[in-house]
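Take a look at the structure below.
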Amino acid sequence: MNRLDPALTPLYELVLQRNPGETEFHQAVLEVMDSLGAVVRKHPDYADARVIARLCEPERQIIFRVPWVDDKGRIEIHRGFRVEFNSALGPYKGGIRFHPSVLLGTVKFLGFEQIFKNALTGLPIGGAKGGSDFDPKGRSDMEIMRFCQSFMTELYRHIGEYTDVPAGDIGVGGREIGYLFGQYKRITNRYESAVLTGKGIGWGGSQVRREATGYGLVYFVEEMLKTKGGSFDGQRVVVSGSGNVATYAIEKVHQLGGTVVACSDSSGYVVDENGIDLDLLKEIKEVRRGRISEYAQQRAATFVGDGSIWDVPCKVALPCATQNEMDEAAALTLIRNGCIAVGEGANMPVVPEAVKALRDAGVLFAPGKAANAGGVATSALEMQQNASRDSWSFEFTEGRLAEIMKGIHERCASTAEEYDVPGNYVLGANAAAFVQVADAMIAQGVI
Ligand code: NDP
């Protein structure tokens, strides 16, 4: 990471002071500010308008109690969050995460990233994120439903088609969105389809939303590979995670002629030299909600319970599990093994030192806020379909997604060139998104 521009250092120190202990939020802010030195030197107006300082302060932060009753009749209490970060470009938009590691700082880091990601899509959506420290693992369907109902019983008063539109994230998939939507409808007596995205196809959901983040990631990385005359065809690929993003990244890599040889969950990883069998993976993860080790019991594959998935040699690495999952040592191993490209499917999965090592070694690097924007972009397409009471075909929607991802790649690449750092997608993404949001904020007054 470069040294922060002196004009931005006091601002970053203020963020540290006002948000103590929120290390992931600090990391996300620093990553963006690191790119903005060049922007404020070129356009000092942004500093005068104090727009970066305003951007670092969420417009609204909501923290609430989520009491519910488990299958044994015991009362459990969790904490719910919604951070409505920025609405300069449109209604707040961003997912909800259910995971025991969720703290206010986690939601703030994700909400902050979401502002820039949403801007990059070119669609009219602001940035937000939500979640709870509830762990859905091992819970029955009825427990999940009761938890979601209690969560929505507070959240409903803060959201709406024109206000804030949540979606899924880690631990929140189609099942949870269904329970959340059902409770919203019940409380408000409104069939307000566009209040949540990621809905089922038969009741207001969009084709390709489930696949969108993984597919979009692979489209973005394919564009990046093309700049060096390459493609996924014939490449050996490693994908971490085995959830929504990972599964559909694997599917698209296989469609484009690559072979994914390893994937993981929080218990370990599997290596299948013949290529991950997606039908089996979906059966284990989407239907049985099982563990990744079950994959190795049913295929000629190896399960590794401890160690790093990044030890598996590959040409392209796609971290699709969670934040800070690829450290500097892992990046150095990838480089030694001849990796040529890394694309972030998860949010902030690669630590800053690892990003630097990859970039210094000439490895193509796609930051999550650009590369995984396909999910939220397709969510915005779901909102469009809901607003016009329409539903588009799979082919048409996938075409729109592919176009959007190409557009994001082009925007990042051309902005990087404008700032004389060709191929630096981190700077390209941050600068392009910042300028769009900042201009809107300035035009709207001191907000
Ligand atoms: P899922 O819950 O569907 O899957 C998450 C996967 O990552 C699981 O395999 C999970 O394993 C693994 N994982 C989660 N936490 C950890 C951890 N602490 N250590 C190791 N493995 C972990 O989530 P998604 O696929 O939806 O999200 C994955 C990432 O992509 C997140 O960073 C999310 O913010 C980001 N993202 C998601 C979008 C979407 O549309 N869903 C859009 C843009 C970004 P296990 O089951 O064992 O916990």
Side-chain angles (χ1 to χ4, degrees), residues 24 28 93-102 106-107 109-114 116-118 120-121 127 129-131 134-139 166-177 197-198 206 208-217 220 239-251 262-270 276 281-282 284-286 288-295 305-310 318-327 343-350 366-380 382 401 405 408:
E24 291 164 335
K93 179 95 197 83
I96 293 176
R97 175 176 294 190
F98 291 165
H99 194 273
S101 63
V102 169
T106 322
V107 181
F109 122 62
L110 290 162
F112 184 74
E113 289 274 297
Q114 198 81 40
F116 303 97
K117 179 187 312 199
N118 293 3
L120 286 173
T121 66
K129 202 80 186 189
F134 169 70
D135 186 358
K137 237 181 253 135
R139 298 293 190 173
D169 190 77
I170 291 179
V172 178
R175 171 181 61 170
E176 291 74 18
I177 294 292
T197 57
S206 174
V208 195
R209 175 61 191 89
R210 185 183 54 179
E211 294 84 357
T213 308
Y215 277 22
L217 165 69
F220 189 98
V239 175
S240 65
S242 50
N244 174 264
V245 180
T247 301
Y248 294 95
I250 296 171
E251 186 162 281
C263 65
S264 63
D265 66 14
S266 58
S267 64
Y269 65 90
V270 288
I276 295 294
L281 186 71
K282 286 182 183 175
I284 294 168
K285 286 292 175 181
E286 291 182 351
R288 301 208 304 258
R289 297 179 190 275
R291 309 308 295 152
I292 199 74
S293 53
E294 294 167 34
Y295 182 94
D306 53 3
S308 164
I309 190 171
W310 310 119
L318 303 177
C320 295
T322 194
Q323 63 269 20
N324 295 329
E325 54 161 309
M326 186 190 289
D327 61 14
E344 293 188 316
N347 285 311
M348 213 168 72
V350 185
K369 62 169 75 72
N372 72 29
V376 74
T378 309
S379 276
E382 183 173 331
L401 169 66
M405 295 314 297
I408 297 174

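Start at 1 and go down the list; that is how both ligands and their atoms are numbered. This is a predicted model, so every value here is computed, not measured.
Distances from atom 34 (O) of ligand 1 to the heavy atoms of Leu110, Asn244, Asp169 show the closest one on Asp169. When the heavy-atom distances from atom 5 (C) of ligand 1 to Pro136, Ser379, Ala321 are ranked, the shortest goes to Ala321. Summarising the contacts of atom 45 (P) of ligand 1 with Ser267, Ser266, Gly95, the nearest heavy atom is found in Ser266.
Shown in contact with Ser242 at under 4.0 Å from a heavy atom are these atoms of ligand 1, numbered in order with element: 9 (O). Those atoms of ligand 1 that come under 4.0 Å of a heavy atom in His99, given as number and element, are 15 (N). Listed by number with element, the atoms of ligand 1 under 4.0 Å from a non-hydrogen atom of Cys320 are 28 (C), 29 (C). Here is the list of ligand 1 atoms found below 4.0 Å of a heavy atom in Gly171: 2 (O). Those atoms of ligand 1 that come under 4.0 Å of a heavy atom in Arg291, given as number and element, are 46 (O), 47 (O). Close contacts between ligand 1 and Gly241 involve ligand atoms 9 (O) [criterion: under 4.0 Å to a heavy atom].
At under 3.5 Å, not a single nitrogen or oxygen of Asn372, backbone or side chain, sits near a nitrogen or oxygen of ligand 1. At least one N/O-N/O distance between Arg209 and ligand 1 falls below 3.5 Å. In terms of polar-atom proximity, defined here as any N/O pair under 3.5 Å, Lys129 makes no such contact with ligand 1. Considering backbone and side-chain N/O atoms, Lys117 never comes within less than 3.5 Å of an N/O atom of ligand 1. Geometrically, ligand 1 and Gly375 share no nitrogen or oxygen pair separated by less than 3.5 Å. Between Lys137 and ligand 1, a contact under 3.5 Å exists for at least one N or O pair.
For Arg97, the heavy-atom gap to ligand 1 drops under 4.0 angstrom. Assignment of Met348 to the shell around ligand 1 is not supported, since no heavy atom sits closer than 4.0 Å. Residue Gly345 places a heavy atom under 4.0 Å from ligand 1. Not a single heavy atom of Gln323 sits less than 4.0 Å from an atom of ligand 1.
From the protein, the heavy atom lying nearest to atom 40 (O) of ligand 1 is Thr213 OG1, 2.7 Å. Atom 17 (C) of ligand 1 has Thr322 CG2, 3.5 Å as its closest protein atom, hydrogens excluded (heavy atom only). The protein atom (non-hydrogen) at minimum distance from atom 24 (P) of ligand 1 is Val245 CG2, 3.9 Å. Protein heavy atom nearest atom 27 (O) of ligand 1, with residue, atom name and distance: Ile170 CG1, 3.6 Å. For atom 32 (O) of ligand 1, the nearest non-hydrogen atom of the protein is Asn347 N, 3.1 Å. Counting only heavy atoms of the protein, atom 6 (C) of ligand 1 lies nearest to Gly243 N, 4.0 Å.
In terms of heavy-atom proximity, Lys117 sits nearest to Gly368 at CE-O, 4.4 Å. Nearest approach of Arg210 to Asn244, heavy atoms of both residues: O-ND2, 2.9 Å. Taking all atoms of both residues into account, the shortest heavy-atom contact from Val107 to Gly131 is CG2-N, 4.5 Å. Closest approach of Ile284 to Arg291, counting heavy atoms only: CG2-O, 3.5 Å. Phe220 and Ala366 make their closest contact through CE2-CB, 3.5 Å (heavy atoms, listed as atom of the first residue, atom of the second, distance).
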>> Quick one, Glu294 with Arg288, criterion salt bridge (Lys or Arg N to Asp or Glu O under 4.0 Å). Give me CA distance, side-chain angles, the key distance, then yes/no.
In response: CA-CA 10 Å; Glu294 294 167 34; Arg288 301 208 304 258; 3.0 Å; yes
> Where do Lys369 and Glu113 land on the salt bridge (Lys or Arg N to Asp or Glu O under 4.0 Å) test, with the steps shown first?
Replying inline: CA-CA 6 Å; Lys369 62 169 75 72; Glu113 289 274 297; 3.4 Å; yes
>> With side-chain contact (heavy atoms from CB on, under 4.5 Å) as the criterion, how do Thr378 and Tyr215 come out once you've worked through the C-alpha distance, each side chain's angles and the decisive distance to 0.1 Å?
In response: CA-CA 11 Å; Thr378 309; Tyr215 277 22; over 6 Å; no
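Side chain of Thr213 to main chain of Val245: no donor-acceptor pair is present (N/O by atom type, distance under 3.5 Å, no hydrogens or angles). Judged by distance alone, with hydrogens and angles left aside, the side-chain atoms of Asn347 form no donor-acceptor pair with the main-chain N or O of Leu110 at under 3.5 Å. Distance alone, capped at 3.5 Å, is enough to place a donor-acceptor pair between the Asn372 side chain and the Gly345 backbone.
Between the side chains of Glu286 and Thr247, no donor N or O sits under 3.5 Å from an acceptor N or O. Using a 3.5 Å distance cut-off with no hydrogens or angles, the side chains of Lys93 and Thr197 do pair a donor with an acceptor. A donor atom on one side chain and an acceptor atom on the other are found under 3.5 Å apart for Arg209 and Ser379.
For the atom pair SG of Cys263 and OH of Tyr295, the computed distance is 7.0 Å after rounding to the nearest 0.5 Å.
Atom 10 (C) of ligand 1 is never approached by the protein to below 4.0 angstrom, counting heavy atoms only.
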